[in-house]
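Data first, discussion second: the structure below is written as structure tokens.
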Amino acid sequence: MKHLMVMTLGAALLLGGCATGGGATDVKDSKSVKLDTHKLDVMAGKKQIYIGNVGVTFITEDSGSAKSSSPMIRHSSAGEYAKANLKAYLTGVPEDTFREITDGIYADLKAKLEANGYTVLSYAQLQQQKGWSKLKTLEQPYTPGSMPFSKKSANLTYAPASMDLVTAPDINNQFKIGDIAKDMGIPVLLAHYTIHFAYFGEDADVYHNYYGGPTGQGTTELKASVTLGQGIQVLAGSGVTFLNEGAGTFAKNGHIRLKDPIIVKGAYGENEDTTSAGWKAANALSSTLGFFSGSSSKTTQISVNANPAFYEEGVLIAATATNDRIVSELATAK
């Protein structure tokens, strides 16, 4: 006798409702966040620096999924399964807020460098250096199709109001800036932060009731769910690159980057189910067909309608904690 397959799917929300107070809370202790460092020693004794670029990428769309396949069918993408897809969108944040956040992150980075004994030289002076005018600049916000830090994501990248956006995605710019640094004899710091508006939890399980009857007659239940939590993250990979020379395997250039994200938990807006009529119809059809085939999937779309002030507060808490961690590490260069 064929075993009975029961399909259950979910796209649950961990946090919902309205943000009623300062939504940015419970920041992770930045001192415990691991770092990826490379050639930190090349900054030993160098207390004059330029900040050549600050880029802040805001992810505004992402997705997560979970799948549970029948244990009766192995090594195959076909067969019986339950699948849950969750698409999430950040809404309600105006462009002015993204720009204010970017300016705030830059100001904080500069202040923390100066508090740790560095002299941050004038960006206007850097722009006058030979070769700077030949760098490729990008219109803002820069909107590439995806970023390596997050699958299936849309994003917006800004530089501070006083700066051009010069580094991504053209790696040749970085080499050229390194040449400029070498000519000056002063390192140039490039900073980049990737900000995510939520986090996904995925769960896919198979349960089998061994007491439901003789072997092959028990009940197998497949479950797949994806949860969305409101929370601001500075993603792993964010950090600074310091340039003393141009291209080359042995160039005296290095970096300090986050290995772990820095997260601020807390609701900063309202979650709204914005699943389209088309997806709802597709979900219903899949559920009906799944009764006969043993396979089904469901897609849910959620918009996080942010309170801009709360969103800005959360991003700045996470980003300034990132700056704390990175600058304190840079100051250890000997």
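Fair warning: this is a prediction, and the values are worked out from it, not measured in the lab. Just so it is clear, the values below take in all heavy atoms, side chains as well, and ignore hydrogens, waters and symmetry mates.
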Would you say that [X] contacts [Y] through its side chain, given a criterion of any heavy-atom pair below 4.5 Å between the two side chains?
{"X": "Tyr193", "Y": "Val54", "value": "yes"}
{"X": "Phe175", "Y": "Leu243", "value": "no"}
{"X": "Thr241", "Y": "Asn253", "value": "no"}
{"X": "Tyr142", "Y": "Thr57", "value": "no"}
{"X": "Met43", "Y": "Asn244", "value": "yes"}
{"X": "Val56", "Y": "Thr157", "value": "no"}

*Is it true that atom NZ of Lys39 has more than 12 heavy atoms of other residues, nucleotides or ligands lying nearer than 6.0 Å?*
yes

*Taking a hydrophobic cluster as the set of Ile, Leu, Val, Met, Phe, Trp and Tyr residues connected by side-chain heavy atoms closer than 4.5 Å, whether directly or through intermediates, do Phe98 and Tyr89 fall within one such cluster?*
no

*Ile186 with Val188, same ILVMFWY side-chain cluster at under 4.5 Å*: yes

*Let me know which of Leu165, Leu109, Ile51, Thr102 forms a side-chain contact (heavy atoms from CB on, under 4.5 Å) with Pro160.*
Thr102

Show the nearest heavy-atom pair for residues [X] and [Y], with the distance to one decimal.
{"X": "Asp36", "Y": "Lys259", "result": "N-CG, 3.7 Å"}
{"X": "Pro308", "Y": "Gly92", "result": "CG-O, 3.2 Å"}
{"X": "Ala333", "Y": "Leu40", "result": "CB-O, 3.5 Å"}
{"X": "Leu126", "Y": "Gly52", "result": "CD2-CA, 3.7 Å"}
{"X": "Tyr106", "Y": "Ser162", "result": "CE2-OG, 3.7 Å"}
{"X": "Ala251", "Y": "Gly246", "result": "CB-O, 3.4 Å"}

So how far is it from [X] [atom1] to [Y] [atom2], rounded to the nearest 0.5 Å?
{"X": "Asn155", "Y": "Leu90", "atom1": "CG", "atom2": "CG", "result": "12.0 Å"}
{"X": "Ile195", "Y": "Ile232", "atom1": "CD1", "atom2": "CD1", "result": "8.0 Å"}
{"X": "His255", "Y": "Leu190", "atom1": "NE2", "atom2": "CG", "result": "13.0 Å"}
{"X": "Asp183", "Y": "Glu245", "atom1": "CG", "atom2": "CD", "result": "11.0 Å"}
{"X": "Ser238", "Y": "Gln233", "atom1": "OG", "atom2": "CD", "result": "10.0 Å"}
{"X": "Lys134", "Y": "Ile180", "atom1": "NZ", "atom2": "CD1", "result": "10.0 Å"}

Would you confirm whether [X], through its side chain, and [Y], through its main-chain N or O, come within 3.5 Å as a donor-acceptor pair?
{"X": "Gln230", "Y": "Gly269", "value": "yes"}
{"X": "Glu272", "Y": "Ser303", "value": "no"}
{"X": "Asn173", "Y": "Lys136", "value": "yes"}

*asked:* Taking salt bridge (Lys or Arg N to Asp or Glu O under 4.0 Å) as the definition, give me every residue that meets it alongside Glu95, ordered by chain and number, with sequence neighbours left out.
replied: Arg99

*Who pairs with Lys182 by salt bridge (Lys or Arg N to Asp or Glu O under 4.0 Å), at least two apart in sequence or on another chain?*
none

_Ring geometry between Phe58 and Tyr311 (parallel below 30°, tilted from 30 to 60°, perpendicular above 60°)_ = tilted

_Residue pairs fulfilling side-chain hydrogen bond (donor to acceptor under 3.5 Å, both in side chains) with at least one residue in residues 109-128, sequence neighbours excluded_ = Tyr50-Gln125, Asp108-Lys112, Lys112-Asp324

